[in-house]
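Just the heavy atoms: all of them, side chains too, but no hydrogens, waters or symmetry mates, feed the values below.
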Amino acid sequence: MKVLLAILLFIIAAQASAQNFTFTQKRYSLNYTREADKQTLRVKGVIIISDGESQSALLNILKTRIETGLDLQIVLDMFGGDIAVVNKVYDVLKAKCNDRGLKSCDIKTEVEMFRHCASACIPLFMVGDERVAAERTNWGFHQAALIEGFIMIPFMSEYVLKQKGVNAAWLKKKKSMFARLKMTWLEPLEMQGSGIMTTIVLHPR
């Protein structure tokens, strides 16, 4: 009996391990782990499709390897990316728990202490039903630009953020951040009223 139980536990562990994956590209990486009823996706870097890579490979691995209908935690440490690609990533992840208005699970997005969420990271962060940021994190805002960031696209950042649920009045109040390509850095406590975070985890005093 003990031998049979050990074999079953080994098979279950092997199956769980087989579901894990790491997807590493030149400018970003994904790391996915699955343990019982918990799945976690870590995204790090800048989501830009470099030469020799494809957008379809990124979207396909998210569609096929992340389980639908199971609570998903997404941990971000990103300096932005191509907003068109990030919007598609957002849609794929959102669909894991939302199908034609029917909600089957919850998505939690998180930025851990001393990490960054800048530019296109912020719309991706908004995919979470619960959105958690450590107090000592850095959040970067600027106006959207064509790839490689030399030609500004007026009003694009505000439009995308508002579309994803960021408070319109807060964006209007902070409009100076979007008048240039240079990054403006804020901490979570400076972003109250934005609707970006649902929870700020305070650092012990």
Looking just at side-chain N and O atoms, do [X] and [Y] make a donor-acceptor pair shorter than 3.5 Å?
{"X": "Thr184", "Y": "Arg180", "value": "yes"}
{"X": "Gln39", "Y": "Gln19", "value": "no"}
{"X": "Asn31", "Y": "Thr22", "value": "yes"}
{"X": "Glu110", "Y": "Gln73", "value": "yes"}

- Item | From Leu93, Thr40, Asp106, residue fulfilling side chain to side chain contact (heavy atoms under 4.5 Å, CB included) relative to Leu72 |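 Option passing the side chain to side chain contact (heavy atoms under 4.5 Å, CB included) with Leu72: Leu93.
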
Could you pull out the closest heavy-atom pair between [X] and [Y], with the gap in Å?
{"X": "Met183", "Y": "His142", "value": "SD-CD2, 3.9 Å"}
{"X": "Lys103", "Y": "Asp129", "value": "CE-OD1, 3.4 Å"}
{"X": "Ala133", "Y": "Pro188", "value": "CB-CG, 4.3 Å"}
{"X": "Ile122", "Y": "Gly140", "value": "CD1-O, 3.3 Å"}
{"X": "Thr137", "Y": "Glu112", "value": "CG2-O, 3.0 Å"}

- After noting the C-alpha distance and the side-chain angles of His203 and Met113, does the key distance pass the side chain to side chain contact (heavy atoms under 4.5 Å, CB included) rule? CA-CA 9 Å; His203 186 74; Met113 189 182 298; 3.3 Å; yes

Pairwise side-chain contact, [X] with [Y], heavy-atom cut-off 4.5 Å (strictly under):
{"X": "Phe178", "Y": "Leu171", "value": "yes"}
{"X": "Leu70", "Y": "Arg34", "value": "yes"}
{"X": "Val201", "Y": "Glu135", "value": "no"}

- Message: For the aromatic rings, using the six-membered ring if either is Trp, is the centroid distance between His116 and Phe79 under 6.0 Å?
- Response: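 Aromatic pair counts; centres sit under 6.0 Å.
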
- Message: So that I know where these two stand, are Trp185 and Phe141 an aromatic pair - ring centroids less than 6.0 Å apart?
- Response: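 Here the rings of Phe141 and Trp185 have centres that are no less than 6.0 Å from each other.
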
- Pair Glu187 + Arg136: basic N to acidic O under 4.0 Å: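 A salt bridge is absent here (no side-chain N lies under 4.0 Å from a carboxylate O).
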
- Distance from Ile153 atom CD1 to Ile83 atom CD1, nearest 0.5 Å?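 Ile153 CD1 to Ile83 CD1: 9.5 Å, rounded to 0.5 Å.
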
- Message: So, taking the atom named SG in Cys117 and the one named CZ in Arg131, what distance separates them when rounded to the nearest 0.5 Å?
- Response: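 Going from the SG atom of Cys117 to the CZ atom of Arg131 covers 11.5 Å.
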
- Task: Evaluate the criterion side chain to side chain contact (heavy atoms under 4.5 Å, CB included) for residue pair Asp82 and Val86; output intermediate values, then yes/no.
- Result: CA-CA 6 Å; Asp82 181 339; Val86 169; 5.8 Å; no

- Message: When you measure from the centre of the six-membered ring of Tyr28, is the NZ or CZ of Lys44 closer than 6.0 Å and no more than 45° off the axis?
- Response: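 Not flagged: Lys44 not positioned over aromatic ring of Tyr28.
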
- Message: Let's go through Gln25 and Ile48 carefully: what are the C-alpha distance in whole Å and the side-chain angles of both, what is the deciding distance for side chain to side chain contact (heavy atoms under 4.5 Å, CB included) to 0.1 Å, and is it a yes or a no?
- Response: CA-CA 9 Å; Gln25 301 288 265; Ile48 289 178; over 6 Å; no

- Name the orientation class of the two ring planes belonging to Phe21 and Tyr32 (parallel below 30°, tilted from 30 to 60°, perpendicular beyond 60°).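 Aromatic pair Phe21/Tyr32 classed parallel.
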
- Verify side chain to side chain contact (heavy atoms under 4.5 Å, CB included) between Asp77 and Val111, making sure each step is shown before the conclusion. CA-CA 7 Å; Asp77 184 13; Val111 178; over 6 Å; no

- Message: Keeping Lys96 on the side-chain end and Lys63 on the backbone end, is there a donor-acceptor pair under 3.5 Å?
- Response: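 Yes; judged by distance alone, with no hydrogens or angles, the pair exists.
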
